[in-house]
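To keep things clear, I will list the structure first and then write my remarks on it.
Since the model is a prediction, treat every value here as computed from it, not as a measurement.
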Amino acid sequence: MRTVDFEENRAFLCQAETAFRRLFSAAKDADELNFAAALSPEFRPYKQNSAVDAQRAFSDYFSFLSNSQNEEIRPRVALAFYSHLAEASGFWEIVKNLLGIVQGRKYNLMPFAEFTRRYGNSKGSPIPNANALMRSLVKCSGEAGFSDLQFTFQHAFDSNLRNAYAHADYHLSKEGVFFLARYDEERLVSWVDLHLLLEKALNLYLILNDTRIEHCHKYIEPKQIFGSLNNRDAPTSWKVEYNLESGSMRISNGFSLIQFAAYPNLPIFSPEIPQ
């Protein structure tokens with residue numbers, strides 16, 4: 001597991017890593033073709049990929065906080081980083097898809113589309129916020145029988161702190177961050193506690209990405225997998241290959257080709273992969 005400064009985070013992150021590894025193994029055993037597809041964050045027919053840019057943003061935030069010790073804006077950057085980690089829906093889609101695959105479903109281009117039902121269809125519907133994403137992951141983890149993963153997402157983020165920052169409903173003081181958890185319920189998150197929360201969130205993301213990359217590396221040597229990516233087409237043989245240099249996954253069957261957007265592993269977030 002990655003090194004952490006706070007002992008309070010160690011047990012939580014160890015359990016999270018065990019839960020992620022169990023989920024990845026179960027999904028691969030259930031349907032390896034759809035598992036391989038789910039290893040790429042946010043595959044969309046768009047010109048740009050927000051999950052890719054989110055990782056660049058994480059790197060920018062981390063670099064600033066590591067090298068700008070005396071900047072007055074540093075606490076606000078830390079809060080922005082924390083919020084950004086929670087809101088990275090494109091990346092959390094990996095877990096949502098893997099949980100679906102374990103339960104017998106196929107890879108879903110929009111696994112959080114359930115939140116658009118009230119609007120009739122997904123087109124023009126708002127993207128779900130972090131609270132909705134985490135509640136969905138908690139619910140799906142429980143339904144799939146992953147109580148350890150359910151616990152992980154129940155305690156991954158302080159939703160009130162994230163919400164207060166997102167709505168500019170907070171105040172910085174020498175003691176820390178004051179905000180209203182609920183109406184007439186003022187809370188204080190000390191600077192030490194903010195550091196602890198940010199460390200937990202960042203390392204949760206890193207551990208999930210480490211596990212993802214570890215499994216991606218198993219397809220550097222191309223592998224033939226028999227299966228189907230939907231319930232309409234008959235199963236056939238697919239070639240699955242991971243391009244280490246670009247960070248992209250390529251899945252083809254001679255008639256169809258899926259080239260998932262490259263998800264670069266920036267130097268500052270180099271994955272820790274067991275040899």
Side-chain angles (χ1 to χ4, degrees), residues 1-2 4 9-43 51 88 90-109 111-112 133-134 136-156 200 203-231 235 237-244 247-251 258 260 263 265 269-275:
M1 195 192 79
R2 287 177 175 264
V4 294
N9 285 333
R10 190 176 307 280
F12 173 83
L13 293 169
C14 281
Q15 178 174 315
E17 182 173 16
T18 299
F20 286 144
R21 290 190 177 280
R22 192 163 75 89
L23 173 64
F24 275 70
S25 294
K28 185 176 182 179
D29 290 344
D31 187 333
E32 188 172 3
L33 179 62
N34 284 273
F35 165 79
L39 294 176
S40 298
E42 193 187 72
F43 179 60
F91 191 76
W92 300 120
E93 284 183 4
I94 296 170
V95 178
K96 178 76 168 180
N97 257 317
L98 293 179
L99 287 167
I101 291 166
V102 168
Q103 294 176 288
R105 294 190 286 273
K106 300 295 185 182
Y107 170 75
N108 190 338
L109 288 174
F112 288 114
L133 297 179
M134 293 301 127
S136 176
L137 292 174
V138 167
K139 178 183 177 183
C140 291
S141 297
E143 291 173 345
F146 289 83
S147 58
D148 47 358
L149 195 62
Q150 186 177 37
F151 177 87
T152 294
F153 286 110
Q154 282 173 332
H155 300 278
K200 179 200 285 188
N203 279 277
L204 184 67
Y205 161 82
L206 291 173
I207 289 169
L208 176 57
N209 195 43
D210 286 349
T211 308
R212 181 187 76 87
I213 291 295
E214 181 181 337
H215 282 275
C216 285
H217 279 198
K218 296 176 182 178
Y219 299 105
I220 293 175
E221 181 71 28
K223 182 175 182 179
Q224 293 292 139
I225 301 175
F226 189 77
S228 174
L229 290 169
N230 58 59
N231 293 316
S237 183
W238 292 78
K239 178 183 177 181
V240 179
E241 182 177 8
Y242 178 69
N243 186 304
L244 182 60
S248 60
M249 187 71 79
R250 181 185 176 98
I251 301 178
I258 301 176
F260 288 91
Y263 190 72
N265 291 289
F269 284 149
S270 295
E272 295 184 356
I273 307 301
Q275 300 300 318

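- Remark: the backbone N or O of Ile101 is not paired with any side-chain donor or acceptor of Asn34 at under 3.5 angstrom.
- Under the 3.5 Å distance criterion, the side-chain polar atoms of Lys200 are left unmatched by any main-chain donor or acceptor of Arg10.
- At a threshold of 4.5 Å between non-hydrogen side-chain atoms, the residues Asp210 and Phe20 do not count as touching.
- Across every non-hydrogen atom of Val240 and Met249, the tightest pair is CG1-SD, 3.8 Å.
- The aromatic rings of His215 and Phe35 sit perpendicular to each other, their planes meeting at more than 60°, with 30° as the lower class boundary.
- The line from CG of Asn243 to OH of Tyr219 is 16.0 Å long, rounded to the nearest 0.5 Å.
- Residues Gln103 and Cys140 share a closest heavy-atom pair of OE1-O, 4.5 Å.
- For NZ of Lys139, the number of neighbouring non-hydrogen atoms (other residues, nucleotides, ligands) closer than 6.0 Å is 12 at most.
- Summarising the geometry, atom CG belonging to Asn108 is positioned 8.0 Å from atom CD belonging to Glu93; distances are rounded to the nearest 0.5 Å.
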**Request:** Verify side chain to side chain contact (heavy atoms under 4.5 Å, CB included) between Leu149 and Val95, making sure each step is shown before the conclusion.
**Result:** CA-CA 10 Å; Leu149 195 62; Val95 178; 4.0 Å; yes

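- In this structure, Leu109 CG and Leu229 CG are separated by 9.5 Å, a value rounded to the nearest 0.5 Å.
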**Asked** Taking it one step at a time, do Gln224 and Trp238 satisfy side chain to side chain contact (heavy atoms under 4.5 Å, CB included)?
**Response** CA-CA 5 Å; Gln224 293 292 139; Trp238 292 78; 5.9 Å; no

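- Residue Ser228 comes nearest to Leu33 through the heavy atom pair N-CD2, 3.5 Å, listed as atom of the first residue, atom of the second, then distance.
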**Request:** Determine, stepwise, if the pair Glu17 / Arg2 fulfils salt bridge (Lys or Arg N to Asp or Glu O under 4.0 Å).
**Result:** CA-CA 10 Å; Glu17 182 173 16; Arg2 287 177 175 264; over 6 Å; no

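- The distance from atom CZ of Phe91 to atom CZ of Arg212, rounded to the nearest 0.5 Å, is 6.0 Å.
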**Item:** Chi angles and distances behind the side chain to side chain contact (heavy atoms under 4.5 Å, CB included) call for Tyr242, Ile213
**Value:** CA-CA 10 Å; Tyr242 178 69; Ile213 291 295; 3.6 Å; yes

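- Taking the six-membered ring where the residue is Trp, Phe151 and Phe12 present tilted rings, their angle falling between 30° and 60°.
- Counting all heavy atoms, side chain and backbone alike, Glu241 lies closest to Ile220 at CG-O, 4.3 Å.
- Scanning both residues, Ile251 and Ala36, for their nearest heavy atoms gives CD1-C, 4.3 Å.
- Within the structure, side chain to side chain donor-acceptor pair (under 3.5 Å) contacts touching residues 141-154 (residues at least two apart or in different chains) are Arg22-Asp148.
- Rounding to the nearest 0.5 Å places CG of Leu23 at 5.0 Å from CG of Leu99.
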**Message:** Assess the residue pair Arg105 and Asp31 against the criterion (side chain to side chain contact (heavy atoms under 4.5 Å, CB included)); give the C-alpha distance rounded to whole Å, side-chain angles, the decisive distance to 0.1 Å, and a yes or no.
**Reply:** CA-CA 9 Å; Arg105 294 190 286 273; Asp31 187 333; over 6 Å; no

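- In this structure, the salt bridge (Lys or Arg N to Asp or Glu O under 4.0 Å) partners of Lys223, at least two apart in sequence or on a different chain, are Glu32.
- Put simply, CG on Leu98 and CZ on Phe24 are 5.0 Å apart, with the number rounded to the nearest 0.5 Å.
- Applying the side chain to side chain contact (heavy atoms under 4.5 Å, CB included) criterion to Asn231, with sequence neighbours excluded, gives Lys106.
- Nearest heavy atoms, Tyr107 versus Ser40: OH-O, 4.4 Å.
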